[in-house]
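In the text below, chain A, chain B and the rest are named by the order of the sequence lines, each starting its count at 1.
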Amino acid sequence: AQSVAQPEDQVNVAEGNPLTVKCTYSVSGNPYLFWYVQYPNRGLQFLLKYITGDNLVKGSYGFEAEFNKSQTSFHLKKPSALVSDSALYFCAVRAPNQGGKLIFGQGTELSVKP
Amino acid sequence: EAQVTQNPRYLITVTGKKLTVTCSQNMNHEYMSWYRQDPGLGLRQIYYSMNVEVTDKGDVPEGYKVSRKEKRNFPLILESPSPNQTSLYFCASSQRQVEGYGYTFGSGTRLTVV
């Protein structure tokens with residue numbers, strides 16, 4: 001079965017430090033991977049996606065993610081965290097031949113403290 | 001502005017009273033979907049539609065109905081709501097079901113069934 005796992009419910013980071021939010025996936029075939037961010041009382045906003053090509057993908061607000069096929073991972077990273085990055089982050093995969101469904105991880109709450 | 005519009009944003013209702021959550025997109029997207037978000041479970045797909053008059057069940061369709069009479073609208077219907085349908089609901093659309101396209105999400109509807 002296709003699935004996405006975000007092993008950490010919460011990640012705490014000091015402002016200015018690098019941050020990583022982890023994501024691993026299990027799909028058959030080539031995955032299409034996405035990161036979304038959800039601010040309080042808001043919908044999900046697209047951050048970045050991996051379709052093919054360079055394993056390092058750059059997205060909105062200074063975020064990037066690295067696709068690692070051998071480890072089936074797609075970790076979200078940012079070199080220097082901001083307090084305003086505090087939000088709920090979702091990793092998702094759109095599997096081939098699944099009718100277009102996005103399969104989401106359970107979400108990781110990122111808290112950046114001054 | 002390209003967007004997905006859901007209404008209402010907040011709704012409190014009583015068990016068994018039929019309700020409809022509306023969803024409309026102005027991007028001429030073929031693909032539309034409903035998700036529910038619950039703590040620790042991420043987002044789970046309820047129903048989706050690949051085009052007008054084409055709908056199909058997602059992972060958690062029980063207790064829900066949808067219709068797609070027009071391309072822009074995809075209402076979610078709860079014929080007899082129950083407390084276990086208390087959740088945060090998101091409508092999303094995508095240009096097509098091709099896997100490389102991400103979703104655009106609405107702002108969400110927080111439903112409480114008492």
Task: Sub-4.5 Å side-chain heavy-atom contact between A/R42 and B/F105 - done: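 No, side chains not in contact.
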With a 4.5 Å cut-off on side-chain heavy-atom distances among I, L, V, M, F, W and Y, is there a chain of contacts connecting [X] to [Y]?
| X | Y | value |
| --- | --- | --- |
| A/V4 | A/L48 | yes |
| B/Y48 | B/Y64 | no |
| B/I77 | B/V4 | no |
| B/M32 | A/F104 | no |
| B/L78 | B/L43 | no |

Checking heavy atoms, do the side chain of [X], its backbone, both or neither come under 4.5 Å from chain A?
| X | answer |
| --- | --- |
| B/Y89 | neither |
| B/D38 | neither |
| B/Q6 | neither |
| B/L41 | backbone |
| B/R9 | side chain |

Open item on the list: Can you give me the closest heavy-atom contact between B/S94 and A/R94, atom names plus distance?
Closed with: OG-NH1, 3.2 Å
TODO: Heavy atoms only: give me the nearest A/F90-B/Q37 pair and the separation to one decimal.
DONE: CZ-NE2, 3.3 Å
Open item on the list: Taking the ring centre of each residue, are A/Y36 and B/Y103 less than 6.0 Å apart?
Closed with: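 No, they do not, as the ring centres are separated by 6.0 Å or more.
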Open item on the list: Does A/K22 have more than 12 heavy atoms from other residues, nucleotides or ligands lying within 6.0 Å of its NZ?
Closed with: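 Open: at most 12 neighbouring heavy atoms sit under 6.0 Å from NZ of A/K22.
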Task: Contact class of A/Q38 relative to chain B, heavy atoms under 4.5 angstrom - done: side chain
TODO: Please look at A/L33 and chain B and tell me whether the side chain, the backbone, both or neither of the residue comes under 4.5 angstrom of a heavy atom of that chain.
DONE: neither
